[in-house]
**Student:** 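Before I ask anything, let me first share the structure, which is written out below as structure tokens.
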Number of protein chains: 2
Amino acid sequence: MEGELDRTLRAHGHRVTQPRRAVWRALQAGSGHRTVDEIATSVAAIGDEIDTASLYRTLALFEELGLARVSRLGDRDAGRWELAHPDEHFHLVCQQCGDVDHHVGTLVAQIREHVEGDHGFAADQIELVVNGRCAGCQQAAVS
Amino acid sequence: MEGELDRTLRAHGHRVTQPRRAVWRALQAGSGHRTVDEIATSVAAIGDEIDTASLYRTLALFEELGLARVSRLGDRDAGRWELAHPDEHFHLVCQQCGDVDHHVGTLVAQIREHVEGDHGFAADQIELVVNGRCAGCQQAAVS
DNA sequence: GTGGCTGCAAACATTTTGCATAACT
DNA sequence: AGTTATGCAAAATGTTTGCAGCCAC
């Protein structure tokens, strides 16, 4: 469904270009939580090409339009991008296998209620990152 | 109490040096959530001096020893360091005034239970960053 | 045709690393 | 004395910016 990108871009007076479409498709393809580098590779795999600078600009635009989201997972390295989904979610980062799991649940809604109720804080975006060891790696450690 | 630093360092076979003491004192001084640059300035203010590379190495060591913690607050820029406190806590980042509030509560413990119970995930460190507008800025917007 | 968008290259900021010297134990 | 930690400089990494030409509108 290419419609959403085109519609959103035009609605805000931005142009629909080949690079933007390519990035959009690349984001759809993968399973989220990709670095800029990975997205560039993904774009290349589709047969397109995009310059790093343009990629950053495109992602920044997507974020501004609410089409994508970036999160810096607790650790050191680079920002990771994913398509924006309506549901609130949180990340489980396994320190051992490096896997990043993506969970949707009521947890984030509970957090929102808590900070709004107890602290009078208008929560806009909630980023929850849990570092630890996933179920698989715990088993592996025992065996 | 300078004892904690000395004790912890020696307990792990590390040396007690002037730069390490200076960084430790600088961390005690400020109110947490400082960038490497700010810590360096803080060290200089005490009358000491430390090279950036050493500062990074020192902070990495402190983290390894459980004396300090780093967090990349959702946004763009650099990592922010603070002393490790036993209590779990979370951050409220106001997008308007830029203030970073630091809250302790049962919330983080609840999160831990949730991911361990429902997802079999052994939570090691939980980083919760809430972006939004603080109570003060909400009032300011109304008036 | 025109102004926004892209690609290229260079700048920037943050963090890491190699190595000779200094300092803790 | 024997190492470990430091400072300096240089590199690595991730991201941003200036600008001439191109392309969607």
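Each chain gets a letter, A, B and so on, in the order the sequences are listed, and its residues count up from 1.
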**Student:** Using only modelled atom types and a 3.5 angstrom limit, is any donor from either the side chain of B:Arg15 or the base of D:dT4 paired with an acceptor on the other?
**Tutor:** yes
**Student:** Specify the separation, in whole Å, of atom CG of A:Asp51 and atom P of D:dT15.
**Tutor:** 15 Å
**Student:** Whole angstrom is fine here: how far is it from CG in B:Leu55 over to P in D:dA5?
**Tutor:** 16 Å
**Student:** Within this structure, what is the CD-to-C1' distance between A:Gln18 and D:dC23, rounded to whole angstrom?
**Tutor:** 12 Å
**Student:** Rounding to an integer number of Å, can you tell me how far B:Ile50 CD1 sits from D:dC8 P?
**Tutor:** 11 Å
**Student:** Has the side chain of B:Gln138 got a donor or acceptor atom that lies under 3.5 Å from a matching backbone atom of A:Gly120?
**Tutor:** yes
**Student:** So, is B:Tyr56 close to the C:dT16 phosphate, meaning a side-chain N or O under 4.0 Å from OP1 or OP2?
**Tutor:** no
**Student:** Grab the NE2-P distance between B:His14 and C:dC24 for me, whole Å please.
**Tutor:** 17 Å
**Student:** Kindly indicate whether the side chain of A:Arg57 and the base of C:dG7 share any N or O donor-acceptor pair separated by less than 3.5 Å?
**Tutor:** yes
**Student:** Between B:Thr35 (side chain) and B:Glu38 (backbone), is there a donor-acceptor pair under 3.5 Å?
**Tutor:** yes
**Student:** Would you name the heavy atoms of B:Ala123 and A:Val130 that are closest together and state the gap between them?
**Tutor:** CB-CG1, 3.6 Å
**Student:** Between the side chain of A:Arg20 and the main-chain N/O of A:Arg15, is any donor-acceptor distance below 3.5 Å?
**Tutor:** yes
**Student:** Here's a test for you: under side-chain contact (heavy atoms from CB on, under 4.5 Å), which of A:Ile46, A:Leu5, A:Thr17, A:Leu55 qualifies with A:Val23?
**Tutor:** A:Leu55
**Student:** Can you tell me how far P of D:dT6 sits from CZ of B:Arg21, to the nearest Å?
**Tutor:** 12 Å
**Student:** Using atom CZ of B:Arg20 as one end and atom P of C:dT25 as the other, report the distance to the nearest whole Å.
**Tutor:** 10 Å
**Student:** Does B:Thr17 place a side-chain N or O at less than 4.0 Å from the phosphate oxygens OP1/OP2 of D:dT6?
**Tutor:** yes
**Student:** In whole angstrom, give the distance that lies between atom CZ of A:Phe62 and atom C1' of C:dC5.
**Tutor:** 13 Å
**Student:** Using a cut-off of strictly less than 4.0 Å, decide whether B:Ser54 has a side-chain nitrogen or oxygen near OP1 or OP2 of D:dG7.
**Tutor:** yes
**Student:** Check whether any side-chain N or O of B:Arg10 sits under 4.0 Å from OP1 or OP2 of C:dT25, and answer yes or no.
**Tutor:** yes
